[in-house]
Amino acid sequence: MIDVRLLRTDPEGTRAALARRGSPELLDQLAEATSTDSRLREIQTQRDTLRAEVNDLSKQVGQARRNGDTAAAEELQARSRAAGEQEKALAAEADDVAARLRDLLLRIPNLPHPDAPDGASDHDNPVVKGPFLPADGFPEHQRVPHWETATALGILDNERATKISGAMFTMQRGPGAQLSRALCQYALDRNSDAFEEIRPPSLVTTATLTATGQLPKFADDAYAIERDDLWCIPTAEVPLTSLYGGEVLDEAQLPIRMMAYTPCYRREAGSAGRDTRGMLRAHEFDKVEILAVTTPEQGAAMLLELRDRAEALIAGLGLPYRIIEICTGDMGQSHHRSFDIEVYAPGCDNWLEVSSVSWFSDYQARRADIRFRTTGEKGTTIANTLNGSALAVPRVWAAIMENYRQADGSVVVPEALRPYMRGVEVIGPR
RNA sequence: GGAGAGGUGCCGGAGUCUGGUCGAUCGGACCGCACUGCUAAUGCGGGGACCACCUUCAAGUGGUCCGUGGGUUCAAAUCCCACCCUCUCCGCCA
């Protein structure tokens, strides 16, 4: 959620910043929020005045009763009742207006960072690093889609996954299953120098899913467990961001760095029929997420730290990659500034998004109510949150199947993963 | 799932039966000052969060906050209802 005060103190700047996202309806919403906000404050002021009157009269009633002056007490009581009735009506209106304002604000996206590139869609995302490709290109034996290679090797069994759970579910077997786990372990181990490992719940409350921005706007993308009013997490970002929700931290604790491996659940509501083969898009997948809670000043540097860490993981696997920056027209609702790491998959002849690193400024932290206090100073400040996929397992798995495929159809295990593979160095036919 | 107990400020813990003088007793921690060669001890003083108004530096005024949300009342930490969470016992269970 953006700060309502911005609408009052810098309406022009706020409007200009949001205009960069390229959505005209958004500016209408903004105008509506602004007028709703001033209406709310007007009513609140009136309501508070009436409340003060009721409070004051009530005190006098108590006083009169103690003095045994029943007549005066009853007269005061009647006046207080009348004021109370007016107050009640105004309070109800204030609650209505406040609810409308909150709903509007929850749907207004974050302001893009001044340095975020302008653009209308994903076609305008500039490459900011790379591409890093092998000097002599890709040999013919790497031009095989991973699903063919992996199915032939008996390590991918999507047919049976579909039998068990339906379309868009995947299943890895044997060394393929080991490889998935190895990637998780690798990503966690490589960041354990600075990040606390968390094993959070995968089912969360509606409030938790609202804090990170998935609700109310994107309810269709998430799996709901209605009977228990819980939701399956689409990413570890959701529980980790809310971990300190509702708390006031000490500035000295910041930045806080956390990481988690979790399964991720996505309905992929808008993507039916897309990427149906292989491992590129599934309702359930594994991911290691890295996340930070910082002061506003620490945000910019942390964004680069997370990006560097995500990049190091991909580079450490010897995969061809590039880094793109997300332009204003392609940014997610909560994003302030954001980078994607893409790996090249020669078999699909596609750049695969394997990591997305984002700075949310105080947008999520305001929803989650994460604040910090500076020692010796009054009041609190809303924190900043950032996160990045350290490693999205299935797409990296797929990229390995294609980039490490040998002429005989076997797949070499990248050096960095071998410690986790029980001695398997090459995945051959089973 | 059943029975019982409980949820109050940074922490501990009163207040709830008997509604008003309770944003809240007391203690600890913390901060400031005094005392002390330094520490400790002691003494004195100070506290939160959030919203609006007013100034917009400081201060001030009003409102809200005693798990959450409703209700009763002139007035609710206190009475009523629902829900959430914690603890103990029972049941079930990897």
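Computation of the quantities below employed the complete heavy-atom set of this structure, encompassing side-chain atoms and omitting hydrogens, waters and symmetry-equivalent molecules. Naming: A, B, ... by sequence-line order, numbering from 1 per chain. Not measured: the values here are computed from a predicted model.
With rG20(B), rC74(B), rG63(B) as the choices, the nucleotide that has an atom nearest any side-chain atom of R66(A) turns out to be rG20(B). The side chain of R8(A) has rA52(B) as its nearest neighbour among rA52(B), rU72(B), rU64(B). With rA52(B), rG20(B), rG62(B) as the choices, the nucleotide that has an atom nearest any side-chain atom of R41(A) turns out to be rA52(B). Of the candidate nucleotides rU72(B), rG62(B), rC74(B), rG62(B) has the atom lying nearest to any side-chain atom of D48(A). Distances from the side chain of R373(A) to the nucleotides rG48(B), rG20(B), rA75(B) place rG48(B) closest. The nucleotide whose nearest atom lies closest to any side-chain atom of Q44(A) is, among rA52(B), rC74(B), rU21(B), rA52(B).
Distance, I382(A) CD1 to rC50(B) C1': 11 Å, rounded to whole Å. The interatomic distance linking R366(A) (CZ) with rA49(B) (C1') rounds to 16 Å, in whole Å. Residue E87(A) contributes atom CD, which lies 17 Å from atom P of rG62(B) at whole-angstrom precision. What separates CG of D229(A) from P of rA82(B) is a distance of 20 Å, to the nearest Å. Following rounding to the nearest Å, R51(A) (CZ) and rC51(B) (P) show an atom-to-atom distance of 16 Å. For the pair L76(A) CG and rU73(B) P, the computed distance is 19 Å after rounding to whole Å. Rounded to an integer number of Å, the gap from R79(A) CZ to rU73(B) P is 21 Å. Going from atom CG of D228(A) over to atom P of rC83(B) covers 15 Å, rounded to whole Å.
Tested against V238(A) for a side chain to side chain contact (heavy atoms under 4.5 Å, CB included), the candidates T262(A), T210(A), T212(A), N387(A) yield a single pass: T212(A). In summary, of the residues considered (E325(A), E353(A), R307(A)), a side chain to side chain contact (heavy atoms under 4.5 Å, CB included) with D340(A) occurs for E353(A) alone.
Rounded to whole Å, the separation between the P atoms of rG46(B) and rC38(B) comes to 26 Å. Separation of the C1' atoms belonging to rC83(B) and rA94(B) is 29 Å when rounded to the nearest angstrom. For the P atoms, the distance from rC66(B) to rG20(B) is 16 Å, rounded to whole Å. Comparing the P positions of rU21(B) and rU16(B) gives an interatomic distance of 14 Å, to the nearest angstrom. Comparing rA82(B) with rG2(B), their P atoms sit 14 Å apart, to the nearest whole Å. On the P atoms, rU68(B) is 12 Å away from rA77(B), given to the nearest whole Å. Annotation: rC17(B) and rC81(B) have their P atoms spaced 14 Å apart (nearest Å). Between rA3(B) and rC11(B), the distance separating the two C1' atoms is 32 Å to the nearest Å.
Where N55(A) and A78(A) each meet RNA chain B at their nearest nucleotide, the meeting point lying more 5' is that of N55(A). A residue-by-residue look at S58(A) and T49(A) shows that S58(A) has its nearest nucleotide of RNA chain B further toward the 5' end.
Pairing for rU72(B) is absent, with no Watson-Crick or G-U wobble pair whose two atom distances lie under 3.5 Å. In this structure, rG4(B) and rC87(B) make a Watson-Crick or G-U wobble pair, each of the two defining distances being under 3.5 angstrom. When Watson-Crick and G-U wobble pairs are counted only if both distances are under 3.5 Å, rA49(B) pairs with rU64(B). Judged by Watson-Crick or G-U wobble contacts below 3.5 Å, the nucleotide rC57(B) has no partner. Within the shown strands, nothing qualifies as a pairing partner of rC93(B) under the Watson-Crick or G-U definition with both distances less than 3.5 Å. rG27(B) is paired with rC11(B) under the Watson-Crick or G-U wobble criterion, all donor-acceptor distances under 3.5 Å.
Rounding to the nearest 0.5 Å gives a distance of 9.5 Å between CG of D103(A) and CD of Q29(A).
Aromatic ring centroids of H283(A) and F169(A) lie under 6.0 Å apart. Checked against a 6.0 Å centroid threshold, the rings of W359(A) and H113(A) count as neighbours.
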Subject >> Worked verdict on Y261(A) versus E197(A) for side chain to side chain donor-acceptor pair (under 3.5 Å) >> reply: CA-CA 8 Å; Y261(A) 150 75; E197(A) 182 170 351; over 6 Å; no
**OP:** Report the C-alpha distance between R337(A) and F339(A) in whole Å, list the side-chain angles of each, state the deciding distance to 0.1 Å, and finish with yes or no for side-chain contact (heavy atoms from CB on, under 4.5 Å).
**Re:** CA-CA 7 Å; R337(A) 191 173 191 188; F339(A) 296 95; 4.2 Å; yes
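At rG19(B), none of the side-chain N or O atoms of K59(A) fall inside 4.0 Å of OP1 or OP2 (strictly under the cut-off). Side-chain nitrogen and oxygen atoms of R5(A) include at least one within less than 4.0 Å of the OP1 or OP2 phosphate oxygen of rC51(B). Phosphate proximity of rA49(B) to R371(A): absent, as no side-chain N or O sits under 4.0 Å from OP1 or OP2. Residue T380(A) places at least one side-chain N or O under 4.0 Å from the OP1 or OP2 atom of rC50(B).
Using a cutoff of 4.0 Å between basic side-chain nitrogens and carboxylate oxygens, E42(A) and R39(A) are scored as salt-bridged.
Using a 90° window around 0 for the glycosidic torsion, rG47(B) falls inside it and is classed as syn.
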